[in-house]
Amino acid sequence: MSDVSQNSAMPVESMPMAKALNAAMSDAMGEDKAVLLMGEDIGTLGGVFRVTQGLKEEYGPERVMDTPLGEAGIVGTAIGLAMRGYRPVCEIQFDGFVFPSFNQITSQLAKIHARTQGDVKLPVVIRIPYGGNIGSIEHHSESPEALFAHTAGLRVMSPSNAQDAYTMLREAIASDDPVIFLEPKRRYWLKGDVDRSVSAPSTQRAQIVREGRDVTLAAYGPLVPVALAASDAAREDGMSIEVVDLRSISPLDFDAVEASVRKTGRLVVTHEAPTFGGIGGELASVITERCFYSLEAPVLRVGGYHMPYPVAGVEEDYLPSIDRMLEAIDRSLAY
């Protein structure tokens, strides 16, 4: 991945994640005329979550394009544009709507670079608002990250805060590889300071967002704030929990997690997606192989249940909570 450029004239500004994503797209479009935006209702409406609001007025309908309601067509068109030298950024309106384009993503977008022995690059970003806790329903609250992470040829990433939302999306747009960019919709309104003048640490690297000594708690995207809150609660009971923000889902930064686990001796992994077949299982397996003699307890997972996403009235019982994370931490420390 190439580095995003720096603009020393930009002041640090407090903004919600949605505005940080908007700023990232605006800055990328201002610097590179090859960057185009595509998606359902992203232009005149500004997107369902208003993440692209104002960009059509700024850059025109030829660069911020409202598309027909056809996700396969959106991704297929983006592939063709990328082959012609453009850098399309597609928005899938909701996570559960991505599946009509799944064949295009996994059979074509992820494969053409290898199929052409590197001659053809596909710098396509697919933005997907994902996850639950917005009072919505099935097909509007999915967490499909493991399906894309399983497919070689795709980068998969998810920011947890406004600063990462800006810098990680800038890096994704600058990448010559296709990127699945998962935006935790429950965090769109989470504010944070954003410095648009600095480049992000590589999105392939996890970050320690809370130092600790007793248990490593690894999370990404929407659950990082919950993991930090669980760490705060555990501190009141005398426990020191280290929180790791994975940031990149594919590739996973096993080295950073390994270093943390060698210090704490314990690992709890949490994500909104079901634990069965989830990213936590892959992380648990690799860390167990690497840290077998350092682990004081089995790696534990806290995730969604193996069922369709429930109705809004009971989603709080489905989603990993502070209490469920603390229960796993207690079980780990009990060994």
Side-chain angles (χ1 to χ4, degrees), residues 130-135 141 143 145-146 158-161 164 184-187 190 192 206-247 249 252-253 256-288 291 294-307 309-310 312-335:
Y130 85 118
N133 205 33
I134 63 165
S141 300
S143 296
E145 58 266 29
S158 180
S160 67
N161 57 76
D164 267 1
K185 64 173 84 77
R186 68 193 277 193
R187 304 301 175 196
L190 179 66
Q207 290 185 323
I208 306 298
V209 293
R210 173 72 53 75
E211 296 280 350
R213 64 178 183 277
D214 296 329
V215 179
T216 298
L217 180 58
Y220 55 85
L223 288 191
V224 172
V226 184
L228 287 168
S231 177
D232 289 337
R235 184 188 298 145
E236 296 179 4
D237 292 328
M239 293 177 284
S240 176
I241 309 303
E242 181 149 294
V243 180
V244 180
D245 183 350
L246 295 173
R247 303 172 78 242
I249 298 167
L252 276 168
D253 187 355
V257 180
E258 176 184 355
S260 177
V261 170
R262 289 193 182 281
K263 178 175 67 173
T264 66
R266 293 174 169 83
L267 174 62
V268 175
V269 188
T270 184
H271 47 64
E272 284 193 16
T275 55
F276 184 84
I279 298 301
E282 183 66 23
L283 192 59
S285 177
V286 172
I287 293 303
T288 298
C291 301
S294 298
L295 284 167
E296 302 290 341
V299 178
L300 301 178
R301 293 173 291 160
V302 181
Y305 300 109
H306 195 49
M307 58 177 285
Y309 196 88
V314 295
E315 69 175 342
E316 291 289 348
D317 297 315
Y318 172 86
L319 293 167
S321 63
I322 294 173
D323 287 341
R324 287 178 60 193
M325 292 182 194
L326 291 175
E327 188 273 337
I329 288 170
D330 287 341
R331 280 194 290 132
S332 179
L333 289 168
Y335 278 90

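As a basis for the values below, the full set of heavy atoms in this structure was taken, side chains included, without hydrogen atoms, waters or symmetry mates. Predicted, not measured: the structure shown is a model, and the values here were computed from it.
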task: Given side-chain contact (heavy atoms from CB on, under 4.5 Å), test E296 with T264 step by step and report yes or no.
output: CA-CA 9 Å; E296 302 290 341; T264 66; over 6 Å; no
Check against side-chain contact (heavy atoms from CB on, under 4.5 Å), V268 and T216: CA-CA 6 Å; V268 175; T216 298; over 6 Å; no
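Contact check for L295 versus T288: side-chain heavy atoms found under the 4.5 Å cut-off. Y318 places none of its side-chain heavy atoms less than 4.5 Å from the side chain of S141. Within the 4.5 Å cutoff, side-chain heavy atoms of V226 are placed close to those of R186. Using a 4.5 Å cut-off on side-chain heavy atoms (C-beta onward), V243 and I208 make no contact. At least one side-chain heavy atom of I329 sits less than 4.5 Å from a side-chain heavy atom of I241. Y130 is listed as a side-chain neighbour of P222, based on a closest heavy-atom distance under 4.5 Å. At a threshold of 4.5 Å between non-hydrogen side-chain atoms, the residues R262 and C291 count as touching. Side chains of L217 and S231 form no contact here, defined as non-hydrogen atoms less than 4.5 Å apart.
When each of V269, V286, L252, L283 is checked for a side chain to side chain contact (heavy atoms under 4.5 Å, CB included) with V257, only L283 meets the rule.
If you take CG on D214 and CE on M239, they are separated by 8.0 Å, rounding to the nearest 0.5 Å. One distance of note links CD1 of I249 with CD of E145; it measures 5.0 Å at 0.5 Å rounding. Summarising the geometry, atom CD1 belonging to I322 is positioned 8.5 Å from atom CG belonging to D232; distances are rounded to the nearest 0.5 Å. Atoms OH and CG, on Y335 and L300 in that order, are 6.0 Å from each other to the nearest 0.5 Å. Rounded to the nearest 0.5 angstrom, D245 CG and Y220 OH are separated by 11.5 Å. Remark: M325 CE to D330 CG distance equals 13.5 Å, nearest 0.5 Å.
Taking a cutoff of 4.0 Å between a charged side-chain nitrogen and a carboxylate oxygen, D253 and R247 do not qualify as a salt bridge. For E258 and K263, the salt-bridge test fails: no basic side-chain N is under 4.0 Å from an acidic carboxylate O.
Judged by distance alone, the side chain of R301 and the main-chain N or O of T275 form a donor-acceptor pair under 3.5 Å. Under a 3.5 Å cut-off, the side chain of R324 and the backbone N or O of G303 do form a donor-acceptor pair. Without hydrogens or angle criteria, E315 side chain to N133 main chain gives a donor-acceptor distance under 3.5 Å. Between the side chain of E242 and the main chain of S260, no donor-acceptor pair closer than 3.5 Å is present. With hydrogens and angles disregarded, a donor-acceptor distance shorter than 3.5 Å links the side chain of H271 to the backbone of G280.
The two residues I279 and A146 come nearest to each other via the heavy atoms CD1-CA, 4.0 Å. Between P184 and P159, the closest heavy-atom pair is CG-O, 3.3 Å. Across every non-hydrogen atom of P320 and G304, the tightest pair is CG-N, 4.2 Å. Nearest heavy-atom pair across L326 and A233 is CD1-CB, 3.9 Å. Across every non-hydrogen atom of R213 and S240, the tightest pair is N-OG, 3.0 Å. Nearest approach of G131 to E272, heavy atoms of both residues: CA-OE1, 3.3 Å.
Using cut-offs of 30° and 60° for the angle between ring planes, the F276 and H306 rings count as tilted.
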